[in-house]
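This report concerns only the one structure given below.
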Amino acid sequence: MIRKLLLITTTSLLFALLNTNQTYAQGYKIFRARQLSDKGQFQKAKSLYDKALIKDSLHYQANIELGNLYLESFQQFDSAYYYLHRGINNISKDTIYDDFFNYANALRLIGKYDLALENFHLFENSLDTTKAMKFPLDSLLNTYTNYCKIAKQMEIDKSVISSVENMDFFLNTKESEYTSVYFEEDSTLMFNARYKDLKKEKQYMDNQYMENIYIFDFNESVASTYDEDIEQENHQAIVSRIPNTDSVIVFYHNFLWVGALENERLGELSRLPETFYEGDFYCQRHGIYNTNKDLFIFSGKASISEDLDLFYSIKDEQGNWSTPVPFGPNINTAFDEDSPFLSANDSTLYFSSKGHHTSGDYDIYKSQKDADGWSTPEPLPYPINSPGEDIYFVLNSGEKYGYLSSNRSGGLGMMDIYTVYLTPVPDFSCPPFENPNLLVTMDITESLDSNSVDLEFNWKFEDGTTAKGEVVEKDFETPGEHFVAIDIYDIKGGQTEVQEVTELVVIDSVNFIGFDSEPYYYMGDTVVLDASVSYMEGYELTNFYWMVRDSILPLDSKRIRLPNLSAGEHDISLQIFASDGDNLISFCQYDTIRILTQSETDSVTKSNTDTDIIAVNDSDQDLSDTNQTDNNNDSDQSQNDNNTSDNDHNNSTSADSLMNSNGVVNISFEPIYFGFDKAYLTKTSTNDLDKLAQYLLENNTHKVIIVGHTDAMGSEQYNILLSQKRTKSTVNYLNNKGIKSNRIFNILNKGESDPAMPNIKPDGTDNPQGRKKNRRVEFIIIKPKQ
């Protein structure tokens, strides 16, 4: 009995020791992770927190500290919320109420404003019952609660026109990418980052590597170091481009310098005019010249403890620059102002500020130049501004799109570069809008004299069609005003009694998407397309985009004029964006116009037409070159072709069975690739598709099987739809290149089911290079058996 009791006691002690050891090991991992984090070794710290959570996924301290690491060091706010939420839900007795503040801040940054305010309130209530905070979080309380309220209102008042898209891993990483400098004519974007490029590269006092300059090529979708010869002993960062030159301003040794770009190298740097430094600035951070290069605007501060303000200097007729002058209090505040940018006509100043009623840290503002100087700044709308930091805003020359840097939720981590569209981006992928039947009954009997002779009434309409009778029905193709001519013929007398009686038919307030045009034009005529007849009840039609054949026209207009189109048929696509005040939707319509040669004139009668009636309006806007394309060459090039609908989603047929039942042609075309979660065609893709189209045009007995794929991110159902979008944009582009639907033998949409490379590595981690190869559309050339 004694031995048995001793055995039980020994066993209990052993379990107690094991539990103690496990608790100690868990605590040591968290303690060691905290030490590594304090030293700036964030990835190593994260790894230890992960290991601690494998043992106990609900461990309060591990969740809270890992959440704070994501919040402050990685700036991945979705992940921060995940771990902080799990920690708060498993709260311990000795809770530090700072955790509620950090949790509320994560909620704010992912847009959960009401929940954020609730947790800020919990933190506020704790201030009376707890000791002083390690950090003055209470001083930030009013600032962050105001951020929530302002951001919430901004999202209510959001812009339905503007959109913001992350440039994804083509350019962005988990590190920070920022300060976009756009070279539109070269399709390149220069930016800054703090990567480790060299083996012996030095780190700054913040444990990050020195700043360096990088370049992104839009045509190749590749980012690389701009000049590998730049020494990384100090920060060296791109700031802005000097207008109409190949010179740029760079930040170096806390001042701004000018250097020329030559052969992918940055030339010798020279400091800006000495006058700019009068005032003994501690730092000049960002600066820009106006178009005439006689105005210089920069952000700077006189000491390390002061806030950044905006300054300007003016060059006189003798070439002398004035001493820098700070902008007035309507621009500068008691907080930081930074990253100035001027519009192409120098009339609008964009900058970022922490002091103008912001929705979160830096927001982007604009001020208009007027007779009294610069107007009171206005914030750019959501989603351009976000709860995160939004800074380094630039626009293209046409001010249709631009770029900004932001650490907002949903990015890859830290600061990412985003594309900003100030107007919607047309892709011409929507189905044609089903217009109503505009059937009008026209009755002339009430206008007749009962004593008159027998008459015949010949009706003539603007589209060239005719009708006879006292009462006729006419199906008008567009709303608006339509003039109708009537010849009244005396049957007995055998003569026209009244010629060209003109009536006006008005069709108003009907939902209609389309445009007016002549049914036929002759060589040398100016084609007029008029979409002002379009109307949608409850919506404001905000933007009109046109595509002729495969060219998206570089304009946004209700009416356009196209001079000197070549003979033959021209496919016209129209995409209209409409807003109901909250949402932005688009409608599409497609049609064909024909340009006749002189030899065709005699054989064509207007009674054969099946296109739109003549437009009575004109436009002052000419388009002299219809081969120009929109600056966004990555848009889907689409047109309506219902013949492809049967092939849109045919997963029941395999590529192998199609190949086995037909003759496979021994020629291969490279797949085309797509961005993550994207279905638009890149410049490289369209070049490859041009080669395929040329081959099919030259080999008219051959057909193509088109197979769409995705990577494994997302649900299986979603990826089937995504592969369908990719094949559709591919088919539309080939259609616009003259490849008719009967040349496309079949379309297979496989989603993630047939990867070209593994989506994950053998150790279970993500394989981004493999996934990149899986986002593709493939082509198989066959010669169908008769």
Side-chain angles (χ1 to χ4, degrees), residues 432-522 525-538 541 558-559 561 572 574 576 587 589-594 596 600-619:
F433 181 77
E434 294 292 335
N435 283 314
N437 184 11
L438 304 179
L439 187 66
V440 177
T441 301
M442 291 166 286
D443 188 347
I444 201 172
T445 54
E446 292 183 3
S447 303
L448 299 180
D449 184 347
S450 60
N451 296 321
S452 65
V453 296
D454 291 336
L455 300 175
E456 181 178 88
F457 301 92
N458 299 320
W459 301 71
K460 296 186 292 186
F461 303 102
E462 289 174 311
D463 63 355
T465 59
T466 61
K468 290 184 179 183
E470 294 180 9
V471 181
V472 300
E473 287 187 336
K474 169 64 178 174
D475 188 1
F476 291 95
E477 296 185 5
T478 59
E481 297 182 348
H482 302 279
F483 288 95
V484 180
I486 311 170
D487 289 344
I488 303 177
Y489 186 73
D490 180 353
I491 297 175
K492 259 185 192 177
Q495 61 182 7
T496 301
E497 185 173 290
V498 181
Q499 186 176 18
E500 296 287 338
V501 175
T502 303
E503 298 288 338
L504 179 65
V505 176
V506 179
I507 303 174
D508 195 14
S509 299
V510 61
N511 286 344
F512 179 87
I513 296 296
F515 56 92
D516 276 350
S517 72
E518 287 273 13
Y520 290 97
Y521 293 88
Y522 302 116
D525 285 353
T526 295
V527 173
V528 179
L529 307 177
D530 180 7
S532 62
V533 294
S534 295
Y535 170 82
M536 287 297 296
E537 184 177 2
L541 305 186
K558 293 181 181 179
R559 302 181 185 91
R561 303 175 73 215
I572 306 294
L574 169 67
I576 298 177
F587 305 96
Q589 197 55 270
Y590 309 88
D591 210 332
T592 301
I593 59 171
R594 184 171 177 80
L596 303 178
E600 293 176 300
T601 302
D602 297 334
S603 62
V604 175
T605 61
K606 296 216 170 182
S607 60
N608 294 332
T609 182
D610 59 355
T611 55
D612 292 331
I613 62 176
I614 186 172
V616 295
N617 296 309
D618 201 353
S619 169

Practice problem: With rounding to the nearest 0.5 Å, note down the distance linking CD1 in I576 to OG in S534. | Solution: 3.5 Å
Quiz prompt | Heavy-atom closest contact (L438 atom, P479 atom, distance) | solution = CD1-N, 3.7 Å
Practice problem: Start with the C-alpha distance between D475 and N437, add both sets of side-chain angles, then the distance that settles side chain to side chain contact (heavy atoms under 4.5 Å, CB included), and finish with yes or no. | Solution: CA-CA 7 Å; D475 188 1; N437 184 11; 2.9 Å; yes
Exercise. Could you tell me which residues satisfy ring pair (Phe, Tyr, Trp, His ring centres under 6.0 Å) with F512, sequence neighbours excluded, listed by chain and number?
Key: none
Quiz item: Where do M442 and V505 come nearest, in terms of heavy atoms and distance?
Solution: SD-CG2, 3.8 Å
Exercise. Would you give the length of the straight line joining atom CG of N511 to atom CD of E434, rounded to the nearest 0.5 angstrom?
Key: 13.5 Å
Quiz item: For the residue pair P432 and Q589, what are the closest heavy atoms and their distance?
Solution: CB-OE1, 3.6 Å
Quiz item: CD of E470 to CD1 of I486: how many Å apart, nearest 0.5 Å?
Solution: 11.0 Å
Quiz item: Is a side-chain donor-acceptor pair under 3.5 Å present for K474 with T465?
Solution: yes
Exercise. Please round to the nearest 0.5 Å and tell me the distance separating atom CZ of F476 and atom CG of L439.
Key: 9.5 Å
Self-check item: Rounded distance (nearest 0.5 Å) linking atom OG1 of T478 with atom CG of N435
Solution: 9.5 Å
Quiz prompt | Steps toward side chain to side chain contact (heavy atoms under 4.5 Å, CB included) verdict (D516, L529) | solution = CA-CA 6 Å; D516 276 350; L529 307 177; over 6 Å; no
Quiz item: Of all residues at least two apart in sequence or in a different chain, which pass the ring pair (Phe, Tyr, Trp, His ring centres under 6.0 Å) check with F461?
Solution: none
Self-check item: Minimum side-chain heavy-atom gap F515-D530 below 4.5 Å
Solution: no
Practice problem: Measure the CG-CG distance between D591 and L574 for me, rounded to the nearest 0.5 Å. | Solution: 10.0 Å
Practice problem: Please assess W459 against I444 for the test side chain to side chain contact (heavy atoms under 4.5 Å, CB included), listing each intermediate value before the final yes or no. | Solution: CA-CA 11 Å; W459 301 71; I444 201 172; 4.1 Å; yes
Quiz prompt | Any side-chain heavy-atom pair of L541 and M536 under 4.5 Å | solution = yes
